[in-house]
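Just so you know, these numbers use all the heavy atoms, side chains as well, and skip hydrogens, waters and symmetry mates. Each chain gets a letter, A, B and so on, in the order the sequences are listed, and its residues count up from 1.
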Amino acid sequence: MLDIRFIRENTEAVKTAMKNRKAEVDIDAVIALDNRRREIVAEAEELKAERNRISKNIGQMIKEGKNPEEVKTQVREMGDKISAFDEEQREVEAKLKDGLLYIPNMPSATTPVGQSEADNPIVRSWGEKKRFDFEPKPHWDLGAELGLFDLERGAKLSGSGFPLFIGKGAKLERALIQFMLDLHTEEHGYTEIAPPFMCNAQTMTGTGQLPKFAEDMYCVPLDGLYPIPTAEVPVTNMYAQEILDRELPILHTAYTPCFRREAGSAGKDTRGLLRVHQFDKVELVKFTTPETSEAEHEKLTADAEKVLQKLGLHYRVIELCTADLGFSASKCYDIELWAPAQDKWLEVSSCSNFKDYQARRANIRYRNEEGKPAFVHTLNGSGVALPRLVIAIMENNQNADGSIDIPEALQPYMGGLQKLEK
RNA sequence: GGAGAGAUGGUCGAGUGGUUUAAGGCGCCGGUCUUGAAAACCGGAGAGGUGCAAGCCUCCGGGGGUUCGAAUCCCUCUCUCUCCGCCA
């Protein structure tokens, strides 16, 4: 959420930012609501101050044995006026809040302005494309042949997009999760969190999933709960409504399954594990001061990259331009893995700096150097998401005989196994 | 699922309709004293909104009601704790 005062004082900058984002929001309508709100507040407060004064006098009159009935009637009439103001104030504030919840974050000053994802600049790349002296097979063929997963049976249980892993395939999931959690906790200084996998509407609003993106999520209406689309949701909101007394930055990592309806992407990347409704992910979340968030964003991205370097996978980092930036993000790097059989780059991580946008929605504060409460900056990134990581490992490490080499760093987590084979 | 108890500031905790302008303790910050510290003593300090400011308004778990006036009385919801039942 943007600060209404910021919008009021920087109206043209906000409008330009929204245009660069290609976001259709009515900034003038929000400002008009704010103006009305302030008018109401001024009038209502004047009345309330007078009522408080007179009510005190009534107590005094009773003590002195005077009859207060005439004054009571007068104050009762004031009370009716105040009630009317209060009611209108509630209505206007609800509309204003709702309007603000639909306005995306301001892109950072360094975010490139662009028209589409084609304008996302490549920041850097690591490793190089592997050469094959045979035609590399797609992961869905390899997985079926080696018995690592059974997508048909997953679909039987839940529908397409709910993968079912078997044997060494299931163990590979578990090994990758543990490998990444160990890396981030032992070498990068994150504290591991095991959060709830379902959250309520308020929590979903705090990080920006609600109200605008309700159709992207699953929902359990009977209990008002949503299966989380990412660990970002519970881990960021764990400090909602709090003033943090702790030293910043706070670094958390969490493994969770993620549930996404993928509405609007029907028919796109449907084969194999490319785009699924349920997947595993290890997430990185940071809470920082405004002074350090940009540096922490670079470090967080590097922490995610480290996973891929240790696994020896060719990747590149791109920066999202204004047109492609996520709703709540101010600045974002995507990390993409090369998948040879797809002949494509696959996104495995989005590392975002949200500045104080989520903190304002979720009301997460710290005490600044003056001891005054101020909003923290929140950041997060996948460290990393599993399905496409598994795709890259399978397709890059395949051999002519259909076996797959397990990356050295992962072997201890696979009980010393070096190869996936029949 | 049933029965009961509770929710007050950073924390503990007092407060049954009008000097509550939320006492007091602990913790925190500043000062005096001290070589320095501790102790003692003195002082300071909540959050949000509005306003150029002085100030004013709101906030005692959330919401609603009674009243001239609510932390206090009534209704309702949420959460926590205790006991019982069921259960991996």
- With RNA chain B as reference, determine whether D34(A) or G79(A) sits nearer its 5' end, using the nearest nucleotide of each.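 Comparing both residues, the 5'-ward one is D34(A).
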
- Taking for each residue the nucleotide of RNA chain B bearing the nearest heavy atom, is the 5' side occupied by E50(A) or by N57(A)?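 Mapping each residue to its closest nucleotide by heavy atoms, the 5'-most match is N57(A).
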
Round to the nearest Å and state the distance from [X] atom [atom1] to [N] atom [atom2].
{"X": "I82(A)", "N": "C68(B)", "atom1": "CD1", "atom2": "P", "result": "13 Å"}
{"X": "K48(A)", "N": "A70(B)", "atom1": "NZ", "atom2": "P", "result": "11 Å"}
{"X": "E242(A)", "N": "A47(B)", "atom1": "CD", "atom2": "C1'", "result": "15 Å"}
{"X": "D3(A)", "N": "G48(B)", "atom1": "CG", "atom2": "C1'", "result": "13 Å"}
{"X": "R365(A)", "N": "G10(B)", "atom1": "CZ", "atom2": "P", "result": "9 Å"}
{"X": "I364(A)", "N": "G48(B)", "atom1": "CD1", "atom2": "P", "result": "15 Å"}
{"X": "E93(A)", "N": "G63(B)", "atom1": "CD", "atom2": "C1'", "result": "16 Å"}
{"X": "M78(A)", "N": "U67(B)", "atom1": "CE", "atom2": "P", "result": "17 Å"}

Would you indicate which nucleotide in [options] comes nearest to any side-chain atom of [X]?
{"X": "P373(A)", "options": "G49(B), A47(B), G69(B)", "answer": "A47(B)"}
{"X": "E45(A)", "options": "G18(B), G51(B), C56(B)", "answer": "C56(B)"}
{"X": "R90(A)", "options": "G64(B), G69(B), G51(B)", "answer": "G64(B)"}
{"X": "K72(A)", "options": "C68(B), U58(B), G64(B)", "answer": "C68(B)"}

- Which value, rounded to the nearest 0.5 Å, describes the distance between Y226(A) atom OH and L210(A) atom CG?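 One gets 5.0 Å once the value is rounded to the nearest 0.5 Å.
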
Determine: side-chain N/O of [X] to OP1/OP2 of [N], distance under 4.0 Å, yes or no.
{"X": "R37(A)", "N": "G49(B)", "value": "no"}
{"X": "R53(A)", "N": "G55(B)", "value": "no"}
{"X": "R76(A)", "N": "G69(B)", "value": "no"}
{"X": "N52(A)", "N": "G69(B)", "value": "no"}
{"X": "R367(A)", "N": "A47(B)", "value": "yes"}

- Query: Checking all strands, does A49(A) fall into the base, sugar-phosphate, or nothing category for heavy-atom contacts under 4.0 angstrom?
  - Reply: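 Counting heavy atoms under 4.0 Å across all strands, the contact made by A49(A) is with sugar-phosphate only.
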
- For R360(A), report the nucleic acid contact type (base, sugar-phosphate, nothing); a contact means any heavy atom under 4.0 Å.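 Answer is nothing: R360(A) stays at 4.0 Å or more from every strand.
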
Inter-nucleotide [atom1] distance ([N], [M]), Å rounded:
{"N": "U16(B)", "M": "G64(B)", "atom1": "P", "result": "25 Å"}
{"N": "G43(B)", "M": "U21(B)", "atom1": "P", "result": "22 Å"}
{"N": "U82(B)", "M": "G31(B)", "atom1": "P", "result": "46 Å"}
{"N": "A88(B)", "M": "C83(B)", "atom1": "C1'", "result": "22 Å"}
{"N": "C68(B)", "M": "G62(B)", "atom1": "P", "result": "25 Å"}
{"N": "C79(B)", "M": "C87(B)", "atom1": "P", "result": "24 Å"}
{"N": "A38(B)", "M": "C33(B)", "atom1": "C1'", "result": "12 Å"}
{"N": "A7(B)", "M": "U76(B)", "atom1": "C1'", "result": "16 Å"}

- Given side chains that start at C-beta, do those of R361(A) and T205(A) come closer than 4.5 Å, heavy atoms only?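 Contact flag for R361(A)/T205(A) side chains = yes.
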
- Task: Would you indicate whether the side-chain heavy atoms of L273(A) and F279(A) approach each other to under 4.5 Å?
- Result: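 When only atoms from C-beta onward are counted, L273(A) and F279(A) do not touch, as no gap falls below 4.5 Å.
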
- Query: Minimum heavy-atom separation for W140(A) to L274(A), with atom names?
  - Reply: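 In terms of heavy atoms, the two residues are closest at CZ3-CD1, 4.3 Å.
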
- Query: Which heavy atom in K331(A) sits nearest to a heavy atom in H297(A), and how many Å separate them?
  - Reply: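 Shortest heavy-atom separation between K331(A) and H297(A) comes out as O-CE1, 3.7 Å.
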
- Query: Less than 4.0 Å between a side-chain N and a carboxylate O, is that true for R37(A) and D34(A)?
  - Reply: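 Looking at D34(A) and R37(A), the cut-off is met.
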
- According to the Watson-Crick and G-U wobble definitions, with both distances under 3.5 Å, which nucleotide is paired to A3(B)?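 A3(B) is paired with U82(B).
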
- Which nucleotide, in any strand shown, forms a Watson-Crick or G-U wobble pair with U19(B), with both distances under 3.5 Å?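 Result: none.
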
- Is the Y255(A) ring parallel, tilted or perpendicular to the F197(A) ring (thresholds 30°, 60°)?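 Rings of Y255(A) and F197(A): perpendicular, over 60°.
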
